[in-house]
Structure formats: C-alpha cells, structure tokens
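Accompanying notes for the structure given below.
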Protein chains: 2
Amino acid sequence: MDTTQRTDQARSADRRRRELLEAADRVVLRDGPGASMNAIAAEAGITKPILYRHFGDKGGLYAALAKRHTDALLDSLRAALDAPAERRERVEQTLDTYLAAIEARPQVYRFLMHPSEGGQQTEGFDVGKHSAPLLRRMGEELAHVIGDRLDLGPAGEQLARVWGHGIVGMMHAAGDWWLGERPCTRAELVRSLADLLWGRLAAAGDKVGGPGF
Amino acid sequence: MDTTQRTDQARSADRRRRELLEAADRVVLRDGPGASMNAIAAEAGITKPILYRHFGDKGGLYAALAKRHTDALLDSLRAALDAPAERRERVEQTLDTYLAAIEARPQVYRFLMHPSEGGQQTEGFDVGKHSAPLLRRMGEELAHVIGDRLDLGPAGEQLARVWGHGIVGMMHAAGDWWLGERPCTRAELVRSLADLLWGRLAAAGDKVGGPGF
DNA sequence: GGCTAATGTTACCGTAGGTAACACCATAGT
DNA sequence: ACTATGGTGTTACCTACGGTAACATTAGCC
C-alpha cells in the first residue's frame with residue numbers, strides 16, 4: 001500500500017536521522033561547535049552528502065541538534081517551575097536546575113549558547129534573528145508562567161514578558177560567568193540570584209562614607 | 001635618535017591602525033559580522049596581508065574593533081552610573097543608556113554581542129573564553145560599583161559580582177528581545193526592569209484561582 | 001526482468017582565512 | 001653617492017570548510 005510504504009520509509013529515515021544526530025552529538029561534544037561536517041560524517045561512518053540530504057545544510061543539522069537538547073532542558077525547567085512549593089522555593093529550584101544542567105554538560109551548553117551561525121545572505125540586519133533560540137524559548141516559557149500565575153495589573157502581560165526574558169538573561173549571564181570562574185558553590189549562586197530577584201539590591205544600605213547608590 | 005625614530009614610527013603605525021579600524025568599522029556596519037578580510041581590506045584601499053601585519057588575525061582585528069566600541073559604551077555607562085541621583089533613578093538611567101545605545105546602532109550591538117569567532121584549534125573546551133567580552137566587562141564594572149557603594153555584609157564582594165553579571169545579563173537579554181520585537185517603548189522597558197530589580201516579582205500577588213507562584 | 005527510489009560514493013566548486021615571496025620607497029650610516 | 005634597513009604594499013598561493021553534481025549500488029515492487 002502507498003501509505004504503509006511511505007510510513008515505513010519515513011520510519012526508516014527517522015531512525016537514520018536519529019543515528020546521525022547522535023553521531024553529530026558525539027562530535028560536537030568532543031570538538032566543540034566548530035565541528036566540521038566532514039568530521040561529523042566520518043563519525044557517523046558516512047560522507048557529507050548524506051548529511052546534506054538529511055538536514056539541508058549545517059544550520060539545519062545544528063538546529064535539529066539544538067532542538068533535542070533545548071527540549072530536554074526545557075522539560076526539566078518546566079518540571080521545576082511546576083513543583084509544588086512556595087514561590088521563592090520554586091524560583092530557586094528552577095535556577096538550580098538550569099545551573100546544574102550547564103554544570104553537568106558544559107559542552108552542550110556552549111553549543112547551544114554559541115550557535116555561531118547566521119547565514120550572512122542579503123538580509124539587511126535582522127537583529128534578534130541570530131540570538132540563541134534557547135534563550136528566547138526559555139524567556140517565553142518563563143513569561144508564560146509568570147503571566148499565568150501572577151496578578152500584575154493591566155499591563156501584566158507585557159510586564160511578564162519583559163521579566164521572563166530578563167530573568168532568563170540574568171540566569172544565563174550569571175551562569176556563564178560562574179561556569180568560567182567558579183567563584184562559589186552552586187547553592188550560593190542560586191541564593192544570591194534569588195536575593196537579587198527578591199529586591200535585596202533595592203533594600204541594601206549605602207556603605208558608610210561612600211557616595212551612595 | 002633611536003627613541004624619536006621609534007616614536008615617529010609608532011605614531012605613524014598607530015595612525016594607520018586607526019584608519020584601518022575605521023574602514024573595518026564601515027564594512028562591519030554595512031555587511032555585518034560576517035564581513036570578510038578581503039572586503040575590509042578593499043574598503044581600506046589595500047590588501048589582506050597588511051591587515052594581518054597590523055592585527056595578526058581576524059580575531060585580532062575584531063578584538064581591536066570591539067574594544068573601541070566597548071570602551072565607548074562603558075564610558076557612557078560609567079557616566080550614568082556616577083550621575084548624582086538616588087539609587088532607583090540611577091539604575092533607570094543606566095538601563096536607559098544601554099538600551100539607547102543598542103537602539104541607536106543595532107549593527108554595532110550585533111557585532112559586539114555575536115563575535116562568531118572562536119578559532120577552532122586544539123583547545124579542549126574553554127567555556128567562558130568565548131562569551132562576548134563586552135558582557136563580562138560590563139558585569140565586572142557593575143560589580144565593582146555595587147561592591148563599592150553597597151553595604152552587603154561579609155560575603156558582599158561575592159554577592160556584588162553575582163549581581164553585577166546577573167543584572168548585566170538581564171539587561172542584555174531583555175534588550176536583545178526588545179530590539180527584535182519592539183513590544184513597548186524604551187521607557188516602559190526600563191521601568192519594567194527596574195521594577196523587577198526592586199522586588200516586584202516577589203511582592204506580586206497570586207492570580208485568583210491560579211495554582212500559585 | 002525492469003522501474004523507482006533510497007543510500008552511498010568520488011570528485012569537484014567557491015569562498016574565506018592565512019601566509020610566503022617578492023617589489024617599492026624612504027631614511028640613516030658610511 | 002652607495003648601500004642597508006625597515007615599513008608598506010603587492011601577487012600568488014595553500015588549506016580547510018560548506019555545499020553540490022554526477023555517478024554507483026542495492027532493495028523492493030509491478
């Protein structure tokens with residue numbers, strides 16, 4: 001039958017695709033985001049044109065690769081965001097989940113955050129099109145949760161989006177810096193960031209003798 | 001004399017270097033971060049090897065280019081950070097200064113934030129080495145200001161650093177998203193972010209009937 | 001058997017980063 | 001005046017990578 005045939009083919013192609021993605025994963029984890037298509041093909045035991053048939057171009061491959069990890073991380077974050085606990089606890093859990101993930105697999109993190117892509121064709125200057133999609137997705141996700149659960153008045157929807165992206169950016173930048181310098185434990189970092197979100201910056205006192213802040 | 005000679009040569013080389021950087025600037029602003037060394041050389045009216053003699057490699061050129069813009073932006077931010085006003089006002093001024101800068105010249109911003117470099121030589125996986133240096137420098141700068149002026153107790157130094165990088169990340173991510181979607185005015189964005197830093201997330205009430213947050 | 005289609009290959013192209021080797025021209029030293 | 005030096009500039013080349021065209025090979029279906 002036509003449909004079963006197409007289904008079979010699709011299933012086979014999907015399996016192959018998964019295998020290729022796993023090979024690509026290994027190479028990217030080993031060689032970093034600069035991994036070449038040749039290297040990936042070699043790891044998969046095949047040659048370049050096959051990769052191109054499956055993924056179109058390097059951007060396609062990397063997008064597929066990123067989607068897997070992004071989805072996985074987003075699932076973890078959703079779980080933390082939905083845990084039954086009070087707000088502060090939940091915020092800390094979410095921060096910790098993210099930081100634990102990037103700590104456990106810095107290569108994956110680096111790959112996701114530094115796409116280094118951006119086909120430079122004719123487009124005039126599409127800022128925003130090139131930012132790491134993971135950050136955007138996390139920001140939107142968080143915005144959704146905030147907007148759903150918090151009563152923020154008339155402009156609450158917009159406020160939630162700003163906060164979603166802002167908090168994600170805070171988490172990301174702090175995590176990136178922390179991963180590089182390791183100046184404190186993960187728990188301390190989580191506490192510090194939660195303190196920041198809880199307004200401790202605004203509440204802190206000026207240093208005696210200082211010019212004030 | 002030897003010294004005067006070397007000074008003369010150095011002065012000439014410096015002038016040339018500045019000219020080359022200005023040409024590179026024009027090309028990068030026109031063609032985006034993917035601008036080729038050939039294109040830059042052509043714009044400067046010379047050929048590639050000269051660029052390489054002056055800057056070593058593309059990373060060197062881009063680093064020099066980035067340093068100019070980064071220094072300029074940091075100066076603006078320092079001014080806002082040092083303005084005579086109360087804390088909230090100063091925070092808003094700083095946020096606004098940054099956002100006005102990226103709004104005025106998105107190409108420069110895009111270039112600074114997306115180095116897209118990372119010479120893929122043998123290095124094993126230096127996470128943090130590849131993050132945009134601008135973010136790091138802004139984070140350190142802010143950390144310094146916070147640590148200098150706020151009384152944050154015994155672990156204040158470390159807290160200030162976390163907050164510095166965190167706040168800069170928040171500003172960056174929110175700005176990046178805002179620049180792409182333009183969902184509100186700059187002033188509204190500034191207010192929303194300042195509200196977030198002032199603990200409004202922690203203070204907001206749960207939505208009626210929701211699962212709480 | 002013969003058609004189609006997927007899977008695989010080799011061999012190639014264009015472009016970009018980077019370099020080697022050579023030419024030009026000023027100035028300094030003798 | 002004649003050379004040596006050092007900066008400026010060139011052409012021509014190498015390598016590596018993304019991407020593609022054209023050609024084998026094998027499997028299933030009529």
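Convention: sequence-line order gives letters A, B, ...; per-chain numbering from 1. All values below come from the heavy atoms of this structure, side chains included, with hydrogens, waters and symmetry mates left out.
- Met37(B) places its CE atom 20 Å from the P atom of dT15(D), with the value rounded to the nearest Å.
- When all heavy atoms of Arg90(A) and Ala80(A) are compared, the pair lying nearest together is CG-O, 3.3 Å.
- Comparing Ser36(B) and Arg53(B) along DNA chain C, the residue whose closest nucleotide (by nearest heavy atom) sits nearer the 5' end is Ser36(B).
- Rounded to whole Å, atom P of dC17(D) lies 15 Å from atom CG of Leu61(A).
- Taking the salt bridge (charged side-chain N to carboxylate O under 4.0 Å, His left out) definition, one finds that Arg17(B) meets it with nothing, sequence neighbours left out.
- In this structure, Asp57(B) places its CG atom 16 Å from C1' of dT15(D), rounding to the nearest Å.
- We find that OH of Tyr52(A) is positioned 18 Å from P of dA22(D), with the value rounded to whole Å.
- Arg182(A) pairs by the side-chain hydrogen bond (donor to acceptor under 3.5 Å, both in side chains) definition with Glu103(A), not counting sequence neighbours.
- Listed by chain and residue number, Arg16(A) satisfy the salt bridge (charged side-chain N to carboxylate O under 4.0 Å, His left out) test with Glu19(A) (two or more places apart in sequence, or in another chain).
- Put simply, CG on Asn38(A) is 16 Å from P on dC12(C), counting in whole angstrom units.
- For Trp177(B), the ring-ring contact (aromatic ring centres under 6.0 Å, His included) partners at least two apart in sequence or on another chain are His165(A).
- Taking atom CZ on Arg17(A) and atom C1' on dT7(C), their separation rounds to 17 Å, with Å as the unit.
- Here dT15(C) presents its P atom at 15 Å from NZ of Lys58(B), a figure rounded to the nearest Å.
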Which pairs would a plain distance check flag for residues 44-57 of chain B, meaning a side-chain donor or acceptor within less than 3.5 Å of a matching protein atom at least two apart in sequence or in another chain?
residue	atom	partner	partner atom	Å
Asp57(B)	OD1	Gly59(B)	N	3.4
Asp57(B)	OD1	Gly60(B)	N	2.9

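- Going from atom CZ of Phe55(B) over to atom P of dT19(C) covers 15 Å, rounded to whole Å.
- Annotation: proximity of residues 40-50 of chain A to DNA chain C (heavy atom, distance under 4.0 Å) is found for Ile46(A), Thr47(A), Pro49(A), Ile50(A), numbered in ascending order.
- The side chain of Arg15(B) contributes no N or O atom lying less than 4.0 Å from OP1 or OP2 of dG7(D).
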